[in-house]
Amino acid sequence: MKIATFNINGIKARLPRLKEWLAETRPAVACLQEIKSVDENFPASELEELGYHVLVHGQKAFNGVAILTDGEAGYEPPKEVQRGLGIDGPKDGEGEQARYLEVDVAKSDGAATRIVCIYLPNGNPHPGPKFDYKLAWMDRLRARMGAIWAAEVPAAVLGDFNVIPEDDDTFSVKAMVSDALMQPESRAAYARLLADGWTDALRTLNPRGGVWTYWDYQAGAWQRDHGFRIDHVLLSPELADRLLAVGVDREHRGREKASDHAPVWATLKD
DNA sequence: ATGGTAGACGCTCTA
């Protein structure tokens, strides 16, 4: 089973690239972030034409996540377990942002895999209320992941974590040192998830670092390969034991009208 | 000295 995460930075602007990627790489499960669309405007039928089932958790203009499952390969529609972590955004009265969607995925005759799609708050500027919100969100995430762990279901948490875990996960420590993505508190919160027992799939198979998943649109970052690793796939012990391969679909970042993120995938033994 | 680009939205915010 191939599972993948892709921050598409706007479904409206990215639909052609997304369809292309799905057709070319055919993940069984695709977690999307930054759809920047309300549920009603998400072009589900366009993806259903490709054989995918679609579950959307969106909001107006910003954020928003979605999970796709490959119906053509025999997977059932994502079965919703939970949407949202029950935490309000950083501005008074705005309510919760659409950043968390948890489902069960299975074939009709098979066991379920718990899939969690996250778009973790960016947290810039640091310090400030947005950074506080990021850390609070990470606390909530850890608590929820603890509950999933306790349920002993095979589980994967995939998405844009907005955390650069180690110094060799960025082209330049100096350029990023004051950024919320690599503050010690952000890293410590991410490290706690790993200390809890979750496996960072990409890091495990590329322990020397130097693998990027994001390149800024600005300052020629892609052309200079000025990237960093912020999109992660975390696996429960059972899925970590079944891990066969991981990768970044880097080439898709270089296409016309590309997202600023590249897709990240992991294949698991069936 | 605080750039540079992109997306959604609506005259600005987020990343």
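Quick note on labels: first sequence line is chain A, next is B, and so on, each numbered from 1. These numbers come from the heavy atoms of this one structure, side chains and all, not from hydrogens, waters or symmetry mates.
A side-chain N or O of K36(A) and one of N9(A) form a donor-acceptor pair less than 3.5 Å apart.
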Identify every side-chain donor-acceptor pair in residues 84-91 of chain A under 3.5 Å, counting partners at least two apart or on other chains, and give the distances.
none

Check: residues 194-201 of chain A side-chain donor-acceptor pairs under 3.5 Å, at least two apart:
| unit_1 | atom_1 | unit_2 | atom_2 | d |
| --- | --- | --- | --- | --- |
| D196(A) | OD1 | R142(A) | NH2 | 2.9 |
| D196(A) | OD2 | R142(A) | NE | 2.8 |
| D200(A) | OD1 | L202(A) | N | 3.4 |
| D200(A) | OD1 | R203(A) | N | 3.1 |
| D200(A) | OD1 | R229(A) | NH1 | 3.1 |
| D200(A) | OD2 | Y190(A) | OH | 2.8 |
| D200(A) | OD2 | R229(A) | NH1 | 3.2 |
| D200(A) | OD2 | R229(A) | NH2 | 3.1 |

Please set out all donor-acceptor pairs under 3.5 angstrom arising from side-chain atoms of residues 107-115 of chain A, sequence neighbours excluded.
| unit_1 | atom_1 | unit_2 | atom_2 | d |
| --- | --- | --- | --- | --- |
| R114(A) | NE | D104(A) | OD1 | 2.7 |
| R114(A) | NH1 | E102(A) | OE2 | 2.8 |

Scan the side chains in residues 47-56 of chain A for donor-acceptor partners under 3.5 Å anywhere in the protein, sequence neighbours excluded, and list what turns up.
| unit_1 | atom_1 | unit_2 | atom_2 | d |
| --- | --- | --- | --- | --- |
| Y52(A) | OH | P27(A) | O | 2.6 |
| H53(A) | NE2 | Y75(A) | O | 3.2 |

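Where Y217(A) and D160(A) each meet DNA chain B at their nearest nucleotide, the meeting point lying more 5' is that of Y217(A). Residues N162(A) and A219(A) each lie close to DNA chain B; by heavy-atom proximity, the contact nearer the 5' end of the strand is made by A219(A).
At most 12 heavy atoms of other shown residues, nucleotides or ligands fall within 6.0 angstrom of atom CD in E152(A).
Residues forming a ring-ring contact (aromatic ring centres under 6.0 Å, His included) with H126(A) (at least two apart in sequence, or on another chain): F131(A).
No contact: R253(A) has no heavy atom under 4.0 Å from any strand. Among the atoms of the strands shown, none is found under 4.0 Å from any heavy atom of Y214(A).
The span of DNA chain B lying next to chain A, judged by atoms under 4.0 Å from heavy atoms, is bounded 5' to 3' by dG4(B) to dA15(B).
Grouping Ile, Leu, Val, Met, Phe, Trp and Tyr residues whose side-chain heavy atoms lie under 4.5 Å apart, directly or via other members, leaves F62(A) alone, with no other cluster members. Here I164(A) sits in one hydrophobic cluster together with F171(A), V173(A), M176(A), L181(A), M182(A), W212(A), Y214(A), W215(A), W222(A), F228(A), I230(A); the rule is ILVMFWY side chains under 4.5 Å apart, joined directly or through other members.
For the C1' atoms, the distance linking dA15(B) with dG3(B) amounts to 16 Å, nearest Å. Separating the C1' atom of dC9(B) from that of dC13(B) is a span of 9 Å, rounded to the nearest Å. With both ends at atom C1', the span from dG10(B) to dT14(B) equals 15 Å, rounded to whole Å. The same atom, P, is picked in dA1(B) and in dC11(B); the two are 33 Å apart, to the nearest Å.
Residues from residues 124-137 of chain A lying near DNA chain B, meaning a heavy-atom separation below 4.0 Å, are K130(A) in numerical order.
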